Amino acid sequence: MNISHQRGAARPRARGTERSAARRAELIAIGRRLFADTSYDALSMDDIARQAHVAKGLIYYYFQSKRGYYLAIVQDSVADLVTFAAGGLELAPVDRVHRTIDGYLRYAEHHHAAYRTIVSGGVGFDTEVQAIRDEVREAIVTTIAEGAYGRRHIAPLARMGLLGWVCGVEGATLDWIDRPELSRDTMCELLVKTLGGALRAIEELDPSYPAPEPARREA
């Protein structure tokens with residue numbers, strides 16, 4: 001068999017791989033809509049297949065199980081949030097913080113069930129969902145650290161201060177999506193101001209991490 005023939009034989013497999021990836025992505029997109037406001041336990045595989053207008057076996061083929069399908073959906077959804085949080089490098093630090101917090105709130109506002117799963121740990125104690133949650137936390141901490149201190153890697157005290165703020169944001173956001181009595185803009189401003197308090201507390205305990213000027217002005 002010559003090289004040109006070998007290459008020709010490989011092309012159908014490449015096209016098949018592309019089609020398979022596209023089909024998988026399509027199923028994930030469908031799942032994101034189905035689970036946007038519906039909990040994991042509320043949808044059976046039969047429900048999912050019927051609402052997605054696909055054979056149940058197709059979902060098993062790509063994801064092996066309902067849990068595998070759901071984890072793929074959550075990972076895909078969270079990837080958007082993490083990418084958004086890590087972006088905006090061209091913005092001024094204060095604008096980037098606002099952008100990150102607003103994007104975080106928008107995600108929670110439009111993906112109630114997925115957000116609750118990420119923050120609360122998913123189905124029982126699910127280590128894979130916990131890992132996804134930790135990825136989001138670290139992305140937010142890194143974004144704030146870059147904006148406040150100009151670097152990604154910070155001392156344990158500074159990291160703990162920012163992580164404590166992030167965990168507080170999670171709890172407040174969970175309550176907010178259940179009782180949206182505040183507008184998203186007001187919620188965003190509130191979280192920005194509480195971040196200022198965390199940054200000032202970090203500086204008080206470790207002067208080598210001075211709070212940025214915007215946080216000082218809020219004192």
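Please read these numbers as outputs of a predicted model, since none were measured by experiment. Count residues from 1 along the sequence.
- When only modelled atom types and interatomic distance are considered, T17 and S20 share no side-chain donor-acceptor pair under 3.5 Å.
- Looking only at side-chain heavy atoms (C-beta outward), L27 and F63 come within less than 4.5 Å of each other.
- At least one donor-acceptor pair under 3.5 Å links the side chain of T173 to the backbone N or O of V169.
- Y60 places a side-chain heavy atom less than 4.5 Å from the side chain of K56.
- The backbone N or O of M45 lies less than 3.5 Å from no partner atom in the side chain of Y69, so there is not a single donor-acceptor pair.
- Between the side chain of K66 and the backbone N or O of L43 there is at least one donor-acceptor pair closer than 3.5 Å.
- The line from OG1 of T143 to CZ of R99 is 9.0 Å long, rounded to the nearest 0.5 Å.
- Counting only heavy atoms from C-beta outward, the side chains of R23 and V54 approach each other to under 4.5 Å.
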*Before giving the answer on salt bridge (Lys or Arg N to Asp or Glu O under 4.0 Å), spell out for R133 and E170 the whole-Å C-alpha distance, their side-chain angles and the decisive distance to 0.1 Å.*
CA-CA 10 Å; R133 183 192 65 186; E170 291 176 353; 5.3 Å; no
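- By the 4.5 Å heavy-atom criterion applied to side chains, L191 and Y104 are not counted as neighbours.
- Note: H111 and Y115 fail the aromatic proximity criterion, with ring centroids not under 6.0 Å apart.
- Not a single donor-acceptor pair under 3.5 Å links the side chain of W176 to the backbone N or O of M187.
- Scored by the side chain to side chain donor-acceptor pair (under 3.5 Å) test, S65 finds no partners at all (sequence neighbours excluded).
- Atom CZ of R24 and atom CD1 of I59 lie 12.5 Å apart (nearest 0.5 Å).
- In the displayed structure, R151 atom CZ is contacted under 6.0 Å by more than 12 heavy atoms of other residues, nucleotides or ligands.
- For the 3.5 Å distance criterion, the side chains of S44 and D46 fail to qualify, holding no donor opposite an acceptor.
- Between Y209 and L157 the shortest side-chain heavy-atom distance does not fall below 4.5 Å.
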*asked:* Run S208 and D206 through side chain to side chain donor-acceptor pair (under 3.5 Å) and show every step you take.
replied: CA-CA 5 Å; S208 67; D206 187 350; 2.5 Å; yes
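- A42 and D47 get closest at one heavy-atom pair: O-OD2, 4.0 Å.
- Using modelled atom types, no side-chain atom of Y70 and backbone atom of G31 make a donor-acceptor pair closer than 3.5 Å.
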*When you look at R184 and E109, which way does the salt bridge (Lys or Arg N to Asp or Glu O under 4.0 Å) test go after all the steps?*
CA-CA 9 Å; R184 190 179 65 250; E109 187 177 30; 3.0 Å; yes
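- For the pair R116/D178, a side-chain contact is recorded, criterion being any heavy-atom separation below 4.5 Å from C-beta on.
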